[in-house]
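So the structure is just underneath, and the comments pick up after that.
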2 protein chains.
Amino acid sequence: MAKVYNFSSGPAVLPHSVLAEAQSELLDWHGSGMSVMEMSHRGKEFMEIIHDAEHDLRRLMAIPENYRVLFLQGGASQQFSMVPLNLLGEKKSVDVVNTGHWSKLAIKEAKHYAKVNVVASSEDRNFSYVPAEDTWQCDPNAAYLHYTSNETIGGLQFPFVPTPPEGVPLVCDMSSEFLSHEIDVNRFGLIYAGAQKNIGPSGLTVVIVREDLLDRALRITPTMLNYRVHADADSMYNTPATFPIYIAGLVLKWIEEQGGIKGIAARNEEKAGLLYHTIDSSGGFYSSHIETPFRSKMNVTFRLRDESLNDSFVSEAKKNGLVQLKGHRVVGGMRASIYNAMPIEGVKSLVHFMQDFARQHG
Amino acid sequence: MAKVYNFSSGPAVLPHSVLAEAQSELLDWHGSGMSVMEMSHRGKEFMEIIHDAEHDLRRLMAIPENYRVLFLQGGASQQFSMVPLNLLGEKKSVDVVNTGHWSKLAIKEAKHYAKVNVVASSEDRNFSYVPAEDTWQCDPNAAYLHYTSNETIGGLQFPFVPTPPEGVPLVCDMSSEFLSHEIDVNRFGLIYAGAQKNIGPSGLTVVIVREDLLDRALRITPTMLNYRVHADADSMYNTPATFPIYIAGLVLKWIEEQGGIKGIAARNEEKAGLLYHTIDSSGGFYSSHIETPFRSKMNVTFRLRDESLNDSFVSEAKKNGLVQLKGHRVVGGMRASIYNAMPIEGVKSLVHFMQDFARQHG
C-alpha cells in the first residue's frame, strides 16, 4: 500500500487508528459474533454504541441539557429543507447571510417555504470576506438567522459567532468545521453538520437543537423531516445509519485522545498556518483570494499565478502521494482540505511539494 | 469468536465473504491508498464503485432501460413521504392495500398529501392473509396503487404481483423481500427498498422508478425528496451514503456467485420450507398465525403454545448461538428473519434447537 495523503473536501481522510480498529472488529464487534453492520439497531449492542457516541459528543462540545442531539440522514442538503420546515412556525420570513456556494443553496431551498432576507452578502467581492456584523440588516421578527460557518468550496471561514437580534435563534451549517475548534453551543438555536468532513463517513448528519425549537414544524413537513419525531424517538424513529454512527463514535474517542477539541484546534491552527505561510511567501507563485481574517483553517484554497500549470501541479502532486487537490469547478484553482484527521506530516509533505514545484516552475 | 446465527429483522446478517472482503480492503481499496469511507464521492474510484453497483443490480433484476435506479437515504420511512409527494401530480387520491404494520405507516404518511383509499385490508383477521385480488376496490383515477410485498413484522408475503387498473402505476415497498426471488420489473411503476435486509447496511435506500413518473412532484416537495433531482444527478445531487453503497455492491456480486436471484430464490424456498415444516409438525407446540399461501419466506413468525416459555426459548436459543429471535412487540411471539445471507446451516441449527426445545418442554 502506497502512503497517500488525501486532501478531499469530503468524504475525507479518517484517523488511521479509527480505521484500524474498525477493521479489527469488522467481523465481530466486542465478542458479539456480529459485525456492527449486522446488528439490530434496537439490540443492546448497538444501543450501547449510539448512547456512547451521543455521550462523548455532549462531553466534547459541552452540550447543555436543554439541547437534543440527533443522528439523521440526508446531509446538509436535507437540512436546507428541514430547518425552514421545522423552525418557520408562525413567522413569515427568515434571515440568512450569503457567503458562498453552500449559503446560496440554503437560501434557494428556504425560499420554497418562506420569505428569505439576505441580511449580508460578500458576493460583491467574489465571497472573499465575511461582511462586518454591524452592517447586517437583521429582522427582529425573523424565524431564525442562518449562516454557513465554513464555506467548503470557497475556503471562507467565520472568525466569529454572530449575535442575532434578541429572541431570534441562530442556525449554523457547521458541516465543514464541526469539532474543529471550541464553540459555545448556548449561542445557537440549531447546529447541523454532514458527517463526512470531521465526524465520520457520509450518510450521517448530526443535528444539535435547542428543545424549545422542536414544536414549530409546518403541517406539510414529512414525518422523516420532523425534528420532534426524531427527538422523541432518540434518533430511532426508523433504522438509523448504524455503521456511520459507529465510526463517528470511534472518531469522537480519537478526538478525546488528541486532547479534546482544544487539542485538535491547536493542531488545526498549526496546519493551516504552515500552508498559508507557504502561499504568502511564494512571491506570488501561489495566492489566496480570501482576505486574511477569513481564510478557512479547514479548506485552504489557492491559485497558481500561471494557471496553465494547474494540471501538472495536480498530476505531480499525485505522484508524490498527495491526492484530491483540484479545486471545486465553481471556484477553480486548488484546494487542500485539512480536516481534523489530516496529520501534520501530510501538510508538511504538501508544503515541501509546493515549494519544490514553485522552484521548478517559478 | 463464537459462531452466531443472527435472525435479526434488519439490520441483518451479511454474507461472510462480503464482510471478509470489506475487512481486507478497509484501509486500502484496490491499491488506492484510501479506505472507501475516505474517498471523494466524485473521484474516479468511487464512481467506479457506484457504477458497478448499478450495473450489477440492473443485470440481476433485468431492469429495463426506461427505469432509473436511485441510491438514496432515509429508508422506507422516507419513501412513505416521497412516493405521494412525487407521484400524486394532478390526481387527488391514491389506492393502498393494508396488510399490516408497514402498510399502515405508509397509509398514515400518504394522508398528509392525498385522499387515501384502502382498496383491501386483512385487518379483520389480524393480517393473517392477503385479500383476494378480485375483491379489491381499485380506482382507475388513483395516482398509484401501493402495497407492501412482505410485511416484516407480521411475516406475511404476497404470493402474487397485483395488477392495477390500466394506467395506474403499481408502487411496492419491497424492503424485506428485495432480491429474494425473481420479479418482472415491467409490472411496476416504482419499487423501493431499505437496504438493511437483503442489500447491505442501513443508511441506503434503493429506488427503481419508471422514467415517465419523474415529473409529477408537488411544488412543496423538498429538493432532497424529489426523484427527478436525484435521477438527473445519477444519485450524486449531494454526497450519497458511500460506504453502504460499496457494501451493497459486494452483496450484489455475491448474489451473482450464488446463481443470481434464481439461485437465491431456490435456497430461500428450502430455508423457509424447513422452518414451516418444523412448526407444522410440532403437534401444536409451535404455530404460525399466517394462512399457508401467505407465509413469508423472509420473516418466519411463530408462537409457542405455552407463551410462559417465551423467555426461556429466547435465552436457551442464545446459548446455542441463535440470536435475535424475539418477535416484534406489535405481534409478540417469535420471529426468525432468514434473508438471503442467512446460510442454510443457520436454519438447520434453529430447526434442531426448536425440536430439542419442544421435546424438553412439550
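The sequence lines fix the lettering, A, B, ..., with proteins before strands; numbering per chain opens at 1.
In this structure, the side chain of B:Q78 does not engage the main chain of A:M224 through any donor-acceptor pair within 3.5 Å. Of the possible polar contacts, none joining the B:Y237 side chain to the A:S77 backbone as a donor-acceptor pair under 3.5 Å is found.
Chain B forms the most heavy-atom pairs under 4.5 Å with one residue out of A:G74, A:S81, A:A76, A:A241, and that residue is A:G74. Each of A:S40, A:P201, A:A22, A:S8 has some count of heavy-atom pairs under 4.5 Å with chain B, and the biggest count is that of A:S40. By number of non-hydrogen pairs under 4.5 angstrom with chain B, the leading residue of A:T242, A:L85, A:T223 is A:T223. When each of B:A20, B:A12, B:S35, B:P244 is scored by its heavy-atom pairs under 4.5 Å with chain A, the top score falls to B:A12. In terms of heavy-atom pairs under 4.5 Å with chain A, the best-connected choice from B:Q324, B:R219, B:M39 is B:M39. Ranked by heavy-atom pairs shorter than 4.5 Å toward chain B, the options A:V36, A:L204, A:L225, A:L105 are led by A:L225.
Residues A:E38 and B:L19 form a side-chain contact, since some pair of their non-hydrogen atoms from C-beta on lies under 4.5 Å apart. At least one side-chain heavy atom of A:Y113 sits less than 4.5 Å from a side-chain heavy atom of B:P222. Between B:S202 and A:H41, the closest side-chain pair of non-hydrogen atoms is not below 4.5 Å.
Interface residue B:S24: only backbone heavy atoms are found under 4.5 Å from chain A. Looking at A:K326, there are no atoms closer than 4.5 Å to chain B (heavy atoms on both sides), in backbone or side chain. Proximity to chain B (any heavy atom under 4.5 Å) is shown, for A:Q23, by both the backbone and the side chain. In this structure, no portion of A:Y5 lies under 4.5 Å from any heavy atom of chain B. Only the side chain of A:K44 has a heavy atom closer than 4.5 Å to any heavy atom of chain B. Residue contact with chain B, scored on non-hydrogen atoms closer than 4.5 Å, is absent for A:P84. Only the backbone of A:T221 comes within contact range of chain B, with at least one heavy atom under 4.5 Å from a heavy atom of that chain. Contact of A:L72 with chain B is not made at all, since no heavy-atom distance falls under 4.5 Å.
Distance CG/A:N6 to OG/B:S32: 9.0 Å, rounded to 0.5 Å. Between B:M37 atom CE and A:F243 atom CZ the span is 4.5 Å, to the nearest 0.5 Å.
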